[in-house]
Amino acid sequence: MQQIVLLAPWNSYADAVDHYCYVRCLDVGNLYEVVRVTHDKHGQQAEFVHQVIFMTEYSEPALAEILRGFGFEKLDAFVCEAKGTGTDPAGFTVRQDGSIDRAASPSWQIDYMLLASLMAEHFDGQIMTPQAADDLARAVVEGNSIAPSPFCIRRTFGGQLVTIPLTENEVDMVCTVKDKQAQMAYLKDEISDLDKDAPCFDGRGQATLLNDEGLLTDVQRRWHRYNGNGGDHAENLREAIKVTIHARFPQ
């Protein structure tokens, strides 16, 4: 698979005999592989979770919904807890309303490994015997060739959760599409941060650009090329917008 070049070591986030979880980073801030095994209290069956989490697939409201299940009111509360300040935003720049000014708080960073471990607890897994679950988890973490693929789709048929592994080509396609989606979302955020009447829009308007997929694709291509030659990224973006609009709408 082309997107994953170097596999980081596994980190343990729960290590009881009947409940354990491992996480490793495949792509910083984006892809995280998780393994979780939870035996039921009677030891008759176990739940096995093994999948790759695409972090960019989750909006902040979606993450907040998951985190609420672990006692965090919102993402800021989780970041504070991970930084060791409890729910107190000490060490961060706080606005008058008590919220954290993330842009002015360099230490505001999401601990994605810890977040992935909580998401692993949140996901539903496959039900099997405890021995089968332990064997599969050991195969994954130890790099055994019989380990199941973490890239899969899960569907419920007749009340039973079915896991369908993806082929290597399908995984490459999924990673490529999600990477493009993340890049486009980042571009839109950067354009939204510009003044709505900035000269680079040449009278076309910010909203017009944000709603035109073809224009955005051209801007992204030019911006990437300009950034590759150095200079300020924001200025490069303004120039990419201006050139794209002039090319599409010649006077």
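Remember, predicted model here, so these are calculated numbers, not experimental data.
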Practice prompt. May I have all residue pairs that pass salt bridge (Lys or Arg N to Asp or Glu O under 4.0 Å) and include part of residues 223-237, sequence neighbours excluded?
Written response: Glu235-Arg238
Worksheet item: Got a second to check how far Gln44's CD is from Ile127's CD1, nearest 0.5 Å?
Response: 13.0 Å
Item to complete: Decide salt bridge (Lys or Arg N to Asp or Glu O under 4.0 Å) for Lys180 and Glu213; before the verdict, give the C-alpha distance in whole Å, the side-chain angles of both, and the deciding distance to 0.1 Å.
Response: CA-CA 13 Å; Lys180 288 181 178 178; Glu213 200 70 27; over 6 Å; no
Worksheet entry | Interatomic spacing from CG in Leu209 to CG in Leu215 - rounded to 0.5 Å | 5.5 Å
Worksheet entry | Rounded distance (nearest 0.5 Å) linking atom CZ of Phe54 with atom CG of Asn30 | 7.5 Å
Fill in: Trp223 side-chain N/O to His233 backbone N/O, donor-acceptor pair under 3.5 Å
yes
Fill in: Closest non-hydrogen atom pair, Leu118 against Phe70
O-CZ, 3.1 Å
Practice prompt. Return the set of residues passing ring-ring contact (aromatic ring centres under 6.0 Å, His included) with Phe72 (not counting sequence neighbours), or none when no residue passes.
Written response: Phe78
Worksheet, complete the sentence: salt bridge (Lys or Arg N to Asp or Glu O under 4.0 Å) pairs touching residues 215-224, sequence neighbours excluded, are Asp218-Arg221, Asp218-Arg248
Fill in: Single-linkage hydrophobic cluster, 4.5 Å side-chain cutoff, Leu237 and Tyr226 together
no
Fill in: Residues Ile110, Met55; criterion side chain to side chain contact (heavy atoms under 4.5 Å, CB included); working and verdict
CA-CA 11 Å; Ile110 299 172; Met55 287 297 180; over 6 Å; no
Worksheet entry | Side-chain H-bond candidate by donor/acceptor type, Gln45 with His39, under 3.5 Å | no
Worksheet item: Among all residues two or more places apart in sequence or in another chain, which pass the side chain to side chain donor-acceptor pair (under 3.5 Å) test with Glu47?
Response: Arg36
Worksheet item: Are Arg24 and Asn11 side-chain neighbours, meaning at least one heavy-atom pair lies under 4.5 Å?
Response: no
Practice prompt. Sort and list the pairs that fulfil side-chain hydrogen bond (donor to acceptor under 3.5 Å, both in side chains) and have at least one residue in residues 106-119, not counting sequence neighbours.
Written response: Asp76-Trp108
Response to the item:
By side chain to side chain donor-acceptor pair (under 3.5 Å), Gln131 pairs with (sequence neighbours left out) Asp135
Discussion item. Applying side chain to side chain donor-acceptor pair (under 3.5 Å) to Tyr20 and Asp134, what does each step give before you reach the verdict?
Written reply: CA-CA 10 Å; Tyr20 49 93; Asp134 290 339; 2.4 Å; yes
Practice prompt. Using ring-ring contact (aromatic ring centres under 6.0 Å, His included) as the criterion, list what pairs up with Phe123, not counting sequence neighbours.
Written response: none
Item to complete: Count the heavy atoms belonging to other residues, nucleotides or ligands that lie under 6.0 Å from NE2 of His19, then report whether that count exceeds 12.
Response: yes
Worksheet item: To the nearest 0.5 Å, what is the distance between CD (Glu142) and CH2 (Trp10)?
Response: 11.5 Å
Worksheet item: With a 4.5 Å limit on heavy-atom distance, are the side chains of Cys200 and Glu239 in contact?
Response: no
Worksheet item: With Glu73, which residues qualify under side chain to side chain contact (heavy atoms under 4.5 Å, CB included), at least two apart?
Response: none
Name each donor-acceptor pair under 3.5 Å that joins a side chain in residues 92-100 to protein atoms two or more places apart or in another chain, with its distance.
{"residue": "Thr93", "atom": "OG1", "partner": "Ala104", "partner atom": "O", "Å": "3.0"}
{"residue": "Arg95", "atom": "NH1", "partner": "Ser99", "partner atom": "OG", "Å": "3.2"}
{"residue": "Arg95", "atom": "NH1", "partner": "Ile100", "partner atom": "O", "Å": "3.0"}
{"residue": "Asp97", "atom": "OD1", "partner": "Ser99", "partner atom": "N", "Å": "2.9"}
{"residue": "Asp97", "atom": "OD1", "partner": "Ser99", "partner atom": "OG", "Å": "2.6"}
{"residue": "Asp97", "atom": "OD2", "partner": "Ser99", "partner atom": "OG", "Å": "3.4"}

Practice prompt. Show your reasoning for whether side chain to side chain contact (heavy atoms under 4.5 Å, CB included) applies to Leu115 and Leu67.
Written response: CA-CA 9 Å; Leu115 177 59; Leu67 289 171; 3.9 Å; yes
Discussion item. Assess the residue pair Val23 and Glu33 against the criterion (side chain to side chain contact (heavy atoms under 4.5 Å, CB included)); give the C-alpha distance rounded to whole Å, side-chain angles, the decisive distance to 0.1 Å, and a yes or no.
Written reply: CA-CA 6 Å; Val23 181; Glu33 185 176 3; over 6 Å; no
Worksheet, complete the sentence: Note: Tyr58 and Ile53 closest approach over all heavy atoms is CE1-CG2, 3.9 Å
Worksheet item: Would a 4.5 Å heavy-atom cut-off, applied to side chains only, mark Asp18 and Thr38 as touching?
Response: no
Item to complete: Check side chain to side chain contact (heavy atoms under 4.5 Å, CB included) between Glu65 and all other residues, then give those that pass, not counting sequence neighbours.
Response: Arg68
Worksheet item: Are the side chains of Cys21 and Glu121 in touch, meaning some heavy atoms are under 4.5 Å apart?
Response: yes
Fill in: Residue pair Ala133 / Val37: nearest heavy atoms and the distance that separates them
O-CG2, 3.7 Å
Worksheet item: In terms of heavy-atom contacts, does CG of Asp189 have more than 12 from other residues, nucleotides or ligands at under 6.0 Å?
Response: yes
Worksheet item: Listed by chain and number, what are the side chain to side chain contact (heavy atoms under 4.5 Å, CB included) partners of Gln206, not counting sequence neighbours?
Response: Ile191, Leu194, Lys196, Phe201, Leu210
Worksheet item: Would you say the side chain of Tyr13 lies within less than 4.5 Å of the side chain of Leu114, judging by non-hydrogen atoms?
Response: yes
Worksheet entry | Residues in side chain to side chain contact (heavy atoms under 4.5 Å, CB included) contact with Asp195, at least two apart in sequence or another chain | Asp197, Ala198
Worksheet item: Between the side chain of Asp27 and the main-chain N/O of Leu31, is any donor-acceptor distance below 3.5 Å?
Response: no
Fill in: His246 side chain reached by Asp202 side chain, heavy atoms, under 4.5 Å
yes
Worksheet item: For Val49 and Val35, what are the C-alpha separation, side-chain angles and deciding distance, and is it a side chain to side chain contact (heavy atoms under 4.5 Å, CB included)?
Response: CA-CA 5 Å; Val49 173; Val35 174; over 6 Å; no
Worksheet item: Considering only heavy atoms from C-beta outward, does the side chain of His50 approach that of Leu136 to under 4.5 Å?
Response: no
